[in-house]
Amino acid sequence: MANTVIQASNGQLTEMKQAYTPYIQPKLPPGALFSAKKGSITITAYKSGKVMFQGAGSELEAKKWGNSLQKSASSVSKHTLPDGFQTKNVLGSDEVGTGDFFGPITVCAAYVAKEQMPLLTSLGVKDSKAMKDPEICQIAEKIMPIIPHSVLLCPNPKYNELIGAGMNQGQMKAMLHNRALQNVLRRMWPEEPDAILIDQFAEKNTYYRYLAKESDVVRDKVFFATKAEGLHLSVAAASIIARYKFVEAFSEMETELKMPLTKGAGPKVDQVAAQIIKKYGTATLEKYTKKHFANTEKANRLARL
């Protein structure tokens, strides 16, 4: 069997896991972070940073991730944030919905000045991953009127159209982040942030490569970091608002379909999707989902039982 092995940094592993979310397999080999099956190719990423591509076309698939992955993890430079970053005036951005079969990719950019930090902390702003949706929504409603922000959604029909045209999730996210940041910078003018922090879903060079065709790209004072919600309140606030808007869109879908939906991309999602196919047909399912996820095929199988 043809196979190709590359070495990835932590940031690149995060990006790859998100890109292969629709193809994730439940069983993991010893020491693996994730395993995915995309067509004839099996992708297995290990805690060591090694990523193995197996099957016909594996070399071509591995090359999609760029030559930088040929470097060892230790040789990949890691950009650290300046001292005192947590107390600076920062414009941060984050996204949600990328791993959910139902619902839109939702990106938010939010600006937090150091003078606002005590208030935001008192209102409960923190890493949204530590909170449930009802709490997130309550906090979002309190902070949205008091901080400059921009929220952009990529609805499922548009998402499916872009995927069909050859675009990947990383490209979509880069465009949404860039445009949300631009929106906030325009609203803030003439005030400017001390820095911009993007919750990292791609290596810096890859991110800007995704934006090669954009006429206006935010580059000045931009930093990238994984788990950025814990590094500055601006990203934590952006994550909370993005989640709020995603939940809002999710609720609207449930109202339109007249049935409860399930978040994520697990087996319960397959069952709900099969119910939609039986009740409304596959065209309706595609309107509310990310069509290329493996859930589509699984739901179709269940619907035929």
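Everything numeric here is computed off the predicted structure, so don't read it as measured data.
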Residue pair [X] / [Y], side-chain heavy-atom distance below 4.5 Å:
X: S239; Y: D199; answer: no
X: I6; Y: F53; answer: yes
X: L231; Y: F223; answer: no
X: N183; Y: L152; answer: yes

Item to check | Summary of side chain to side chain donor-acceptor pair (under 3.5 Å) pairs that have at least one residue in residues 257-270, sequence neighbours excluded | outcome: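 Pairs touching residues 257-270 that pass the test: D270-N295.
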Item to check | Where at least one partner belongs to residues 99-121, residue pairs that pass side chain to side chain donor-acceptor pair (under 3.5 Å), sequence neighbours excluded | outcome: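 Listed by first then second residue: Y111-E191.
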Do [X] and [Y] belong to the same hydrophobic cluster, where Ile, Leu, Val, Met, Phe, Trp and Tyr are linked whenever their side-chain heavy atoms lie under 4.5 Å apart, directly or via other members?
X: M175; Y: I196; answer: yes
X: F101; Y: L261; answer: yes
X: Y207; Y: V96; answer: yes
X: M167; Y: Y210; answer: no

For the residue pair [X] and [Y], what are the closest heavy atoms and their distance?
X: A109; Y: V184; answer: O-CG2, 3.5 Å
X: T44; Y: A32; answer: CG2-CB, 4.0 Å
X: S234; Y: A110; answer: CB-O, 3.6 Å
X: S93; Y: V235; answer: O-CG1, 3.9 Å
X: C108; Y: H149; answer: SG-CB, 4.2 Å
X: A180; Y: V107; answer: CB-CG1, 4.3 Å

Item to check | ring pair (Phe, Tyr, Trp, His ring centres under 6.0 Å) partners for Y20, two or more places apart | outcome: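 With neighbours one apart ignored, the set is W65.
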Next on the checklist: Going by the rule ring pair (Phe, Tyr, Trp, His ring centres under 6.0 Å), which residues pair with F246 if we only count those two or more places apart in sequence or in a different chain?
Outcome noted: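 F250.
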Checklist entry - Between Q171 and N168, is there a donor-acceptor pair closer than 3.5 Å when you use the side chain of the first and the backbone of the second? => result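 The answer is yes, because a donor-acceptor pair under 3.5 Å joins these two groups.
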Checklist entry - So which pairs with a foot in residues 147-164 pass salt bridge (charged side-chain N to carboxylate O under 4.0 Å, His left out), sequence neighbours left out? => result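 Residue pairs passing salt bridge (charged side-chain N to carboxylate O under 4.0 Å, His left out), neighbours aside: K158-E161.
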Checklist entry - Pairs in or reaching into residues 237-255: which pass salt bridge (charged side-chain N to carboxylate O under 4.0 Å, His left out), with residues at least two apart or in two chains? => result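 Salt bridge (charged side-chain N to carboxylate O under 4.0 Å, His left out) check on residues 237-255 returns D133-R243, K245-E248.
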Check side-chain contact (heavy atoms from CB on, under 4.5 Å) between [X] and all other residues, then give those that pass, not counting sequence neighbours.
X: D127; result: K129, E229
X: P118; result: none
X: E192; result: W189, K221

Next on the checklist: Walk me through whether K173 and Q18 qualify under side-chain hydrogen bond (donor to acceptor under 3.5 Å, both in side chains).
Outcome noted: CA-CA 11 Å; K173 290 188 286 186; Q18 290 181 335; 2.7 Å; yes
Table please: side-chain donor-acceptor pairs of residues 277-289 below 3.5 Å, with sequence neighbours left out.
unit_1: Y280; atom_1: OH; unit_2: L257; atom_2: O; d: 2.6
unit_1: Y288; atom_1: OH; unit_2: E256; atom_2: OE1; d: 2.7
unit_1: T289; atom_1: OG1; unit_2: L285; atom_2: O; d: 2.8

Hey, what do you get for [atom1] ([X]) to [atom2] ([Y]), rounding to the nearest 0.5 Å?
X: I43; Y: M52; atom1: CD1; atom2: CE; answer: 12.5 Å
X: K38; Y: Q25; atom1: NZ; atom2: CD; answer: 13.5 Å
X: Y46; Y: L13; atom1: OH; atom2: CG; answer: 12.5 Å
X: N156; Y: I105; atom1: CG; atom2: CD1; answer: 9.0 Å
X: S150; Y: R179; atom1: OG; atom2: CZ; answer: 11.5 Å
X: K298; Y: Q271; atom1: NZ; atom2: CD; answer: 11.5 Å

Item to check | Atom NZ of K37: over 12 foreign heavy atoms under 6.0 Å | outcome: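 Check passes, neighbour count above 12.
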Next on the checklist: Using side-chain contact (heavy atoms from CB on, under 4.5 Å), reason through K17 and L33 one step at a time and then give a plain yes or no.
Outcome noted: CA-CA 9 Å; K17 185 174 183 179; L33 288 172; over 6 Å; no
Next on the checklist: Applying ring-ring contact (aromatic ring centres under 6.0 Å, His included) as the test, list every pair that has at least one member in residues 159-180; sequence neighbours left out.
Outcome noted: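 Passing the test, one end in residues 159-180: Y159-H292, H177-F201.
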Checklist entry - Can you list the other members of the hydrophobic cluster that holds V125, where links are side-chain heavy atoms under 4.5 angstrom apart? => result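 So far as hydrophobic clustering goes, V125 is joined with V112, M117, L119, L120, L123, M131, I136, I139, I143, M144, I146, I147, V151, L153, L233, I240, I241, Y244.
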